[in-house]
2 protein chains.
Amino acid sequence: MNHRATELLGSVHLRQTEPRLAILRTLLKTDTLLTQEQIAEQIGPDAPNKTTIYRTLTQLLDKNLVHQAYLDDRTSHFELAHHCGERQCHPHFTCVHCKQTHCLTGISTQLVELPKGFSVQRQQIHIDGVCPNCQTMNKTKEIERV
Amino acid sequence: MNHRATELLGSVHLRQTEPRLAILRTLLKTDTLLTQEQIAEQIGPDAPNKTTIYRTLTQLLDKNLVHQAYLDDRTSHFELAHHCGERQCHPHFTCVHCKQTHCLTGISTQLVELPKGFSVQRQQIHIDGVCPNCQTMNKTKEIERV
DNA sequence: CACTATTTGCAACTAAGTTGCAAATAGTAC
DNA sequence: GTACTATTTGCAACTTAGTTGCAAATAGTG
Ligand SMILES: [Zn+2]
Ligand SMILES: [Zn+2]
Ligand SMILES: [Zn+2]
Ligand SMILES: [Zn+2]
């Protein structure tokens with residue numbers, strides 16, 4: 001992981017600093033979106049300052065190593081761009097019950113057919129619903145009530 | 001418009017108050033998403049307090065008369081739900097150049113096929129790109145440069 | 001007209017994200 | 001290794017969308 005982080009930084013000609021490596025390692029480890037706060041938590045007590053985290057994420061966004069998603073809670077979520085297509089991110093699913101967001105990386109989706117004159121740079125799909133976990137929990141509760 | 005606003009409020013059993021009517025009239029008049037601030041602007045000097053606007057929008061969201069979209073700027077955008085399907089809003093297109101968002105109400109889209117166990121409540125598609133207006137403006141500039 | 005539950009406006013607050021600046025450090029040249 | 005400089009970092013102060021508590025105003029009802 002550490003090596004991959006170094007590699008990624010190198011590939012976009014950014015200096016190899018500990019804060020940047022720690023942030024990249026954290027993003028490499030996870031399979032979902034993370035907020036600035038979650039990144040800091042996961043790095044632990046020696047996490048970089050929040051300003052540094054935001055600045056680093058902005059740089060990685062500019063280099064297109066990282067993507068940003070706006071879900072339903074007014075805070076930005078970030079992830080590595082390596083599971084996204086050229087003009088389309090993988091879809092995201094947010095459970096209205098447990099509020100968890102899942103990256104649907106295995107799923108193929110179509111680009112929307114746009115009217116003449118519009119050109120696409122990135123398409124993002126966001127789905128709200130109930131996740132498998134909460135679905136079965138609800139069923140269990142129903143059975144218990146009977 | 002005024003009549004339609006009254007009708008809408010009645011249909012969800014909310015009291016007919018001037019702030020609520022003004023907000024609904026504004027949403028009825030427009031063909032795009034609006035922020036709290038834009039709603040206040042459009043109503044003018046007698047616009048309701050921002051607290052009232054947010055509270056009203058939340059009530060209308062609960063009654064499913066209004067939908068909320070999170071685009072790329074950390075502020076919520078609102079619109080009437082009347083151009084949305086049962087489980088899917090119309091797609092939104094944001095121009096990276098002029099920052100304007102367009103409601104693509106005429107376009108048909110598919111629901112993503114979810115893995116077993118996930119159930120959909122609402123699918124939203126958001127596209128970033130260049131709008132027809134900015135596209136032709138760029139072409140014109142190129143020609144001028146030659 | 002009177003009554004009450006609901007709604008509104010205001011001021012103070014919360015929290016995500018940004019900015020300016022001085023101190024620290026990565027990469028480079030010797 | 002040491003010195004140098006451009007870049008990066010941390011901190012504190014700030015900005016701003018959205019929320020909360022509460023007292024005053026008002027829609028609907030009889
Ligand atoms: Zn869930
Ligand atoms: Zn994802
Ligand atoms: Zn445009
Ligand atoms: Zn729309």
Please report, rounded to the nearest Å, how far the [atom2] atom of [N] is from the [atom1] atom of [X].
X: B:Leu34; N: D:dG18; atom1: CG; atom2: C1'; answer: 17 Å
X: B:Leu60; N: C:dT7; atom1: CG; atom2: C1'; answer: 14 Å
X: B:Asp73; N: D:dG18; atom1: CG; atom2: C1'; answer: 14 Å
X: B:Glu37; N: D:dT15; atom1: CD; atom2: C1'; answer: 13 Å
X: B:Leu21; N: C:dT8; atom1: CG; atom2: P; answer: 10 Å
X: B:Tyr54; N: C:dT14; atom1: OH; atom2: C1'; answer: 14 Å
X: B:Glu41; N: D:dA17; atom1: CD; atom2: P; answer: 11 Å
X: B:Asp72; N: C:dA16; atom1: CG; atom2: C1'; answer: 16 Å

Q.
Under 4.0 Å from OP1 or OP2 of D:dA17: is there any side-chain N or O of A:Arg74 that close?
A. no
Q) Is B:Ser76 near enough to D:dG18 that one of its side-chain N or O atoms lies under 4.0 angstrom from OP1 or OP2? A) yes
Q. Do A:Leu8 and A:Leu57 sit in the same hydrophobic cluster, where Ile, Leu, Val, Met, Phe, Trp and Tyr count as joined when their side-chain heavy atoms come under 4.5 Å apart?
A. yes
Q) Is a donor-acceptor contact shorter than 3.5 angstrom present between the side chain of B:Arg55 and the base of C:dG9? A) yes
(Q) For a quick check, tell me whether the side chain of A:Lys50 and the base of C:dG17 share a donor-acceptor pair closer than 3.5 Å. (A) yes
Side chains of [X] and [Y]: do they bring a donor and an acceptor to under 3.5 Å?
X: A:Gln68; Y: A:Ser76; result: yes
X: B:Thr94; Y: B:His126; result: yes
X: A:Glu79; Y: A:His90; result: yes

Q. Which nucleotide, D:dG10, D:dT8, D:dT19, lies nearest any side-chain atom of A:Asn49?
A. D:dG10
Q. If you check the A:Thr51 side chain, which of C:dG20, C:dT7, D:dG18 turns out closest?
A. C:dG20
Q: Mind listing the residues from residues 11-19 of chain A sitting with a heavy atom below 4.0 Å of DNA chain D? Number order is fine.
A: A:Arg15, A:Thr17, A:Pro19
(Q) Partner lookup for C:dC21, please. Criteria are Watson-Crick or G-U wobble with both distances under 3.5 angstrom; report none if nothing qualifies. (A) D:dG10
Q | Test log, rule side-chain contact (heavy atoms from CB on, under 4.5 Å), inputs B:Val130 and A:Gln121 | A | CA-CA 8 Å; B:Val130 183; A:Gln121 282 181 12; 3.9 Å; yes
Q | B:Arg87 versus B:Leu111, closest heavy-atom pair with distance | A | O-CD2, 4.0 Å
(Q) Centre-to-centre under 6.0 Å for B:His102 and A:Phe118, is that the case here? (A) yes
